[in-house]
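These numbers come from the heavy atoms of this one structure, side chains and all, not from hydrogens, waters or symmetry mates. We number each residue from 1, following the sequence as shown.
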Amino acid sequence: MKTVLLEIRTSGRKTNLEAELADNFFSRFLGLMGRRETKGLFLKDCNQIHTFFMRFPIDVYYLDEEGTVIRIERNTKPWRIRPLVWKARSVLELAAGTEADIEIGSRISAANT
């Protein structure tokens with residue numbers, strides 16, 4: 001999978017985060033299945049996730065078409081199907097508890113997608 005540098009803007013602060021990019025059906029479907037750890041996964045063209053076959057809980061950030069965080073689900077455990085988020089156009093998955101300073105309204109953009 002390709003790596004992407006994400007720029008996160010929250011309340012006037014800017015940080016960067018490196019994540020893997022899932023930008024096709026197969027990479028989105030596989031996601032984090034079976035992995036023991038992650039630096040993060042950015043799923044393009046996605047508005048619903050599952051956590052089947054995952055080994056650890058994740059924090060899930062749903063982004064609209066402008067890259068604004070519109071929903072956050074923290075500590076999502078393995079073996080779950082999350083509800084469809086109609087306005088979401090992409091999703092960022094991070095290991096649960098990762099301090100990424102992301103909140104509702106934060107803007108996330110991918111530098112090299």
Side-chain angles (χ1 to χ4, degrees):
M1 239 184 268
K2 294 189 291 187
T3 300
V4 64
L5 183 64
L6 301 174
E7 181 179 276
I8 303 166
R9 292 184 180 269
T10 303
S11 304
R13 294 181 311 273
K14 183 178 101 169
T15 57
N16 291 318
L17 175 74
E18 197 172 274
E20 291 182 71
L21 176 64
D23 60 356
N24 61 55
F25 174 80
F26 188 69
S27 62
R28 283 190 303 268
F29 176 75
L30 284 181
L32 298 174
M33 281 195 258
R35 297 187 192 190
R36 295 191 188 281
E37 60 184 27
T38 183
K39 56 184 162 187
L41 182 67
F42 185 68
L43 300 106
K44 285 184 71 172
D45 302 320
C46 179
N47 61 2
Q48 183 179 28
I49 62 138
H50 68 84
T51 59
F52 296 147
F53 302 101
M54 289 181 57
R55 297 174 180 224
F56 52 90
I58 59 173
D59 292 338
V60 184
Y61 304 91
Y62 296 88
L63 288 65
D64 67 11
E65 60 190 38
E66 284 86 35
T68 302
V69 176
I70 58 173
R71 181 178 175 139
I72 298 173
E73 294 179 354
R74 299 206 187 273
N75 202 33
T76 302
K77 300 198 179 348
W79 297 99
R80 305 290 193 273
I81 297 176
R82 303 312 308 142
L84 184 93
V85 179
W86 286 103
K87 292 183 179 181
R89 295 295 173 261
S90 55
V91 175
L92 175 60
E93 298 177 346
L94 300 174
T98 301
E99 278 301 314
D101 199 23
I102 302 171
E103 57 193 36
I104 299 289
S106 295
R107 298 285 302 251
I108 299 176
S109 58
N112 52 347
T113 59

For the side chain to side chain contact (heavy atoms under 4.5 Å, CB included) test, which of Leu92, Asp101, Leu5 pairs with Leu17?
->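 Between Leu17 and the candidates, side chain to side chain contact (heavy atoms under 4.5 Å, CB included) is satisfied uniquely by Leu92.
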With heavy-atom distances below 4.5 Å as the criterion, would you say the side chains of [X] and [Y] are in contact?
| X | Y | value |
| --- | --- | --- |
| Glu73 | Pro83 | yes |
| Asp59 | Ile72 | no |
| Asp23 | Val4 | no |

Using modelled atom types and a 3.5 Å cut-off, is there a donor and acceptor pairing between side-chain atoms of [X] and backbone atoms of [Y]?
| X | Y | value |
| --- | --- | --- |
| Arg74 | Ala96 | no |
| Arg71 | Val60 | no |
| Thr51 | Lys77 | yes |
| Arg28 | Phe26 | no |

Within this structure, what is the [atom1]-[atom2] distance for the pair [X] and [Y], rounded to the nearest 0.5 Å?
| X | Y | atom1 | atom2 | answer |
| --- | --- | --- | --- | --- |
| Asp45 | Phe25 | CG | CZ | 13.0 Å |
| Tyr61 | Ile8 | OH | CD1 | 8.5 Å |
| Arg9 | Thr15 | CZ | OG1 | 10.0 Å |
| Leu43 | Glu20 | CG | CD | 10.5 Å |
| Ile104 | Thr10 | CD1 | OG1 | 11.0 Å |
| Arg107 | Asp64 | CZ | CG | 7.0 Å |

Going through the distances and angles, do Lys14 and Glu7 end up as a salt bridge (Lys or Arg N to Asp or Glu O under 4.0 Å)?
-> CA-CA 7 Å; Lys14 183 178 101 169; Glu7 181 179 276; 3.6 Å; yes
Step-by-step side-chain contact (heavy atoms from CB on, under 4.5 Å) determination, Val85 to Val91 | CA-CA 10 Å; Val85 179; Val91 175; over 6 Å; no
Scan for ring-ring contact (aromatic ring centres under 6.0 Å, His included) pairs involving residues 77-102, sequence neighbours excluded, and state none if there are none.
->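 ring-ring contact (aromatic ring centres under 6.0 Å, His included) check on residues 77-102 returns Phe52-Trp79, Phe53-Trp79.
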Verdict with supporting geometry, Leu41 and Ile58, side-chain contact (heavy atoms from CB on, under 4.5 Å) = CA-CA 10 Å; Leu41 182 67; Ile58 59 173; over 6 Å; no
Restricting to non-hydrogen atoms, name the atom on [X] and the atom on [Y] that form the minimum distance, rounded to 0.1 Å.
| X | Y | value |
| --- | --- | --- |
| Pro57 | Asn75 | CB-OD1, 3.3 Å |
| Glu103 | Val69 | O-CB, 3.6 Å |
| Leu6 | Ala19 | CD1-CB, 4.0 Å |

Phe42 vs Leu63, side-chain contact (heavy atoms from CB on, under 4.5 Å): CA-CA, chis, key distance, verdict = CA-CA 10 Å; Phe42 185 68; Leu63 288 65; 4.1 Å; yes
Enumerate the residue pairs fulfilling salt bridge (Lys or Arg N to Asp or Glu O under 4.0 Å) with a member in residues 85-94, sequence neighbours excluded, ordered by first and then second residue.
->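 Not a single pair qualifies under salt bridge (Lys or Arg N to Asp or Glu O under 4.0 Å).
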